[in-house]
K.L.:
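A single structure is presented below for examination.
The basis for the numbers below is simple: all heavy atoms, side chains too, and nothing from hydrogens, waters or symmetry mates.
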Amino acid sequence: MIRSEVLVSAGARLGEGPLWDQANGDVVWVDIMAEQVLRTRLSGADLRRSSIGEPVGSLAATADGGLVGATPTGLRRLDRDGAPHVARFPECRADLPANDGKAAPGGRFVVGTMSVGEPELGAGSLWAFGPGQPSVLVAGTTISNGLAWSSDGSVMYFIDTPTQQVVAFDHDIEAGTVGSPRPHVVVDPVVGAPDGMCIDEEGGLWIALWGGCAVHRYLDGVLDAVVEVPTPLVTCPAFVGDDLSLLVVTTASLDAGGADGAGDLYVVEPGVRGSPIPVLGTWAETWD
């Protein structure tokens, strides 16, 4: 068991989507319900909050050092005045906002939608944004969450939280398409619901457990390590730092019953480095 420590007391209602912003040397993440993007140094100092005006579910960096966020209306360039769109969802539904997403090997932004309120099973999708029109990678999802790719980009891992599992797909980097799903990890509901996910240089998957006070590492589908987080609603891990040797973990205070540390950002040295973080292609450097 590895115990995490508070990096910064943020008190986020729904902290999510941590990302290492190498261009600026910041850890950046979102508070979805507060419609904010948060930044801090690795020391935990200089916490900054930017109000976006709509929920931001996830983030990705661009090759020119910028930042793109996934919102209910589409992808927005968050480092530009007026946060202009770079792409839009073909159909916007308030009850199916953007949730977890990441830059994929090859430069696309892969992002899923989630059903809010009373969950509508199978109403969401996992989308791929890139040059041209967005396309559906995985249809019939409910709460799209964790995403990760193998070091060579040939395998995509994906979590649809209500299924309690991670599935793997063969991934075509150039075409940005995936094959048929196959089970990779099954998470016992007793330990929590699988939420956000990241991958290390050894291929280990680090999975946040909503309701589980922990992040679990699975190597070759087998539980290998546990990071203890002292608050129940654990949402997403990410490797940060210039050498990707630190793991940060976002949490939520929503429905946490006033638990100490709920919504804070945590950090741990896991003893393994993260896999390199892809950035978006040049298509994301323009906007409509």
Side-chain angles (χ1 to χ4, degrees), residues 1-32 34 36-50 56-61 67 69 99-103 145-148 159 192 194-202 204-210 212-217 225-253 256 259-279:
M1 180 87 67
I2 312 168
R3 184 173 177 80
S4 62
E5 299 179 350
V6 174
L7 177 63
V8 61
S9 296
R13 294 181 65 192
L14 183 53
E16 266 285 7
L19 175 71
W20 174 239
D21 183 357
Q22 176 128 17
N24 296 291
D26 287 335
V27 181
V28 57
W29 72 108
V30 302
D31 184 345
I32 296 176
Q36 293 179 339
V37 174
L38 297 84
R39 286 180 174 271
T40 187
R41 311 303 288 183
L42 272 178
S43 63
D46 191 26
L47 175 63
R48 290 150 281 160
R49 302 174 189 263
S50 300
V56 180
S58 49
L59 303 164
L67 192 66
N99 197 44
D100 214 339
K102 288 182 179 177
N145 260 311
L147 283 163
I159 293 170
D195 200 318
M197 175 173 60
C198 63
I199 193 167
D200 62 42
E201 63 183 0
E202 298 176 353
L205 294 174
W206 298 77
I207 301 171
L209 296 172
W210 178 269
C213 298
V215 175
H216 282 187
R217 180 190 193 237
V226 175
V227 174
E228 183 182 35
V229 182
T231 189
L233 304 184
V234 184
T235 55
C236 193
F239 284 94
V240 301
D242 288 335
D243 60 356
L244 300 179
S245 63
L246 296 175
L247 188 77
V248 294
V249 183
T250 53
T251 64
S253 59
D260 290 343
D264 292 345
L265 182 70
Y266 292 83
V267 65
V268 67
E269 291 188 51
V272 64
R273 296 180 181 181
S275 184
I277 302 169
V279 297

K.L.:
If you round to the nearest 0.5 Å, how far is CD1 of I207 from CG of L209?
P.N.:
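Atom-to-atom, L209:CG and I207:CD1 are 7.0 Å apart.
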K.L.:
From R217 CZ over to L205 CG, what is the distance, rounded to the nearest 0.5 angstrom?
P.N.:
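One gets 9.0 Å once the value is rounded to the nearest 0.5 Å.
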K.L.:
For D26, does its backbone N or O pair with a side-chain atom of N24 as donor and acceptor, under 3.5 Å?
P.N.:
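Answer holds: no.
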K.L.:
Using every non-hydrogen atom in the two residues, find where A262 and A252 come nearest and quote the distance to one decimal.
P.N.:
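That closest heavy-atom pairing would be CB-O, 3.6 Å.
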K.L.:
Measuring from atom CG of L14 to atom CD1 of I32, what distance do you get when rounded to the nearest 0.5 angstrom?
P.N.:
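One finds 4.0 Å between CG of L14 and CD1 of I32.
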K.L.:
Evaluate the side-chain proximity of V27 to V8: yes if any heavy-atom separation is below 4.5 Å, no if none is.
P.N.:
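Of all side-chain heavy-atom pairs linking V27 with V8, none is under 4.5 Å.
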K.L.:
Does the T250 side chain pair with the main chain of C236, one donor and one acceptor, at a distance under 3.5 Å?
P.N.:
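Indeed, once roles are kept as given, a pair shorter than 3.5 Å links the two residues.
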K.L.:
Donor-acceptor pair, R39 side chain versus S50 backbone, under 3.5 Å?
P.N.:
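Checking the backbone N and O of S50 against the side chain of R39, no donor-acceptor pair under 3.5 Å is found.
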K.L.:
Got D242 and Q22 here, is their nearest side-chain heavy-atom distance under 4.5 Å?
P.N.:
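Yes; the side chains approach each other to less than 4.5 Å.
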K.L.:
Is there a donor-acceptor pair under 3.5 Å between the side chain of S58 and the backbone N or O of G101?
P.N.:
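Such a contact is found between S58 side chain and G101 backbone.
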K.L.:
Given side chains that start at C-beta, do those of E269 and L246 come closer than 4.5 Å, heavy atoms only?
P.N.:
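Side-chain contact under 4.5 Å: yes.
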K.L.:
At their closest point, which heavy atom of S4 faces which heavy atom of P230, and how far apart are they?
P.N.:
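Heavy-atom minimum between the residues: OG-CD, 3.9 Å.
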K.L.:
Is it true that a side-chain atom of Y266 and a backbone atom of G261 form a donor plus acceptor pair closer than 3.5 Å?
P.N.:
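Yes, the answer is positive, given that a donor and an acceptor are paired below the 3.5 Å cut-off.
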K.L.:
Minimum heavy-atom separation for A61 to L19, with atom names?
P.N.:
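Taking every non-hydrogen atom into account, N-CD2, 3.9 Å.
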K.L.:
Is a donor on one side and an acceptor on the other found under 3.5 Å between the side chain of T40 and the backbone of A45?
P.N.:
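At least one qualifying donor-acceptor pair exists.
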K.L.:
Could you measure the distance from the CD atom of E16 to the OG1 atom of T251? Nearest 0.5 Å is fine.
P.N.:
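That separation rounds to 10.0 Å.
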K.L.:
I'd like to know whether R48 forms a side-chain contact (heavy atoms from CB on, under 4.5 Å) with Q36, so could you lay out the CA-CA distance, the side-chain angles of the two residues, the decisive distance to 0.1 Å, and finally the verdict.
P.N.:
CA-CA 10 Å; R48 290 150 281 160; Q36 293 179 339; over 6 Å; no
K.L.:
What is the distance from atom CG of L38 to atom CG of D31, rounded to the nearest 0.5 Å?
P.N.:
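CG of D31 is found 6.0 Å from CG of L38.
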K.L.:
Can D200 and R273 be counted as an ion pair, charged N to O under 4.0 angstrom?
P.N.:
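Answer for the salt bridge query: no.
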K.L.:
Mind checking whether W20 and L42 have side chains closer than 4.5 Å, heavy atoms only?
P.N.:
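Result yes, sub-4.5 Å side-chain heavy-atom pair found.
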K.L.:
Hey, which of V226, L247, V227 is the one that makes side chain to side chain contact (heavy atoms under 4.5 Å, CB included) with I2?
P.N.:
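For I2, the side chain to side chain contact (heavy atoms under 4.5 Å, CB included) check succeeds only for V227.
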K.L.:
Taking N99 for its side chain and N145 for its backbone only, find out whether a donor-acceptor pair lies under 3.5 Å.
P.N.:
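Judged by distance alone, no pair lies under 3.5 Å.
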K.L.:
Once rounded to the nearest 0.5 Å, what's the spacing between atom OG of S275 and atom CD of E201?
P.N.:
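Going from the OG atom of S275 to the CD atom of E201 covers 8.0 Å.
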K.L.:
Using every non-hydrogen atom in the two residues, find where W29 and A10 come nearest and quote the distance to one decimal.
P.N.:
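For W29 and A10, the tightest heavy-atom pair comes out as CZ2-CB, 3.9 Å.
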K.L.:
Are D100 and M197 packed together at the side-chain level, in the sense that at least one heavy-atom pair is separated by less than 4.5 angstrom?
P.N.:
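No - every pair of side-chain heavy atoms lies 4.5 Å or more apart.
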K.L.:
On a heavy-atom basis, which atom in P276 and which in L244 lie closest, and how many Å separate them?
P.N.:
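Closest heavy-atom pair between P276 and L244: CA-CD1, 4.0 Å.
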K.L.:
So which heavy atom on G11 is nearest to which on S253, and how close?
P.N.:
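So the minimum-distance heavy-atom pair works out to O-OG, 3.9 Å.
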K.L.:
Is there a side-chain contact between P194 and H216, using heavy atoms and a 4.5 Å cut-off?
P.N.:
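The answer is no, as the side chains (C-beta and beyond) never meet within the 4.5 Å cut-off.
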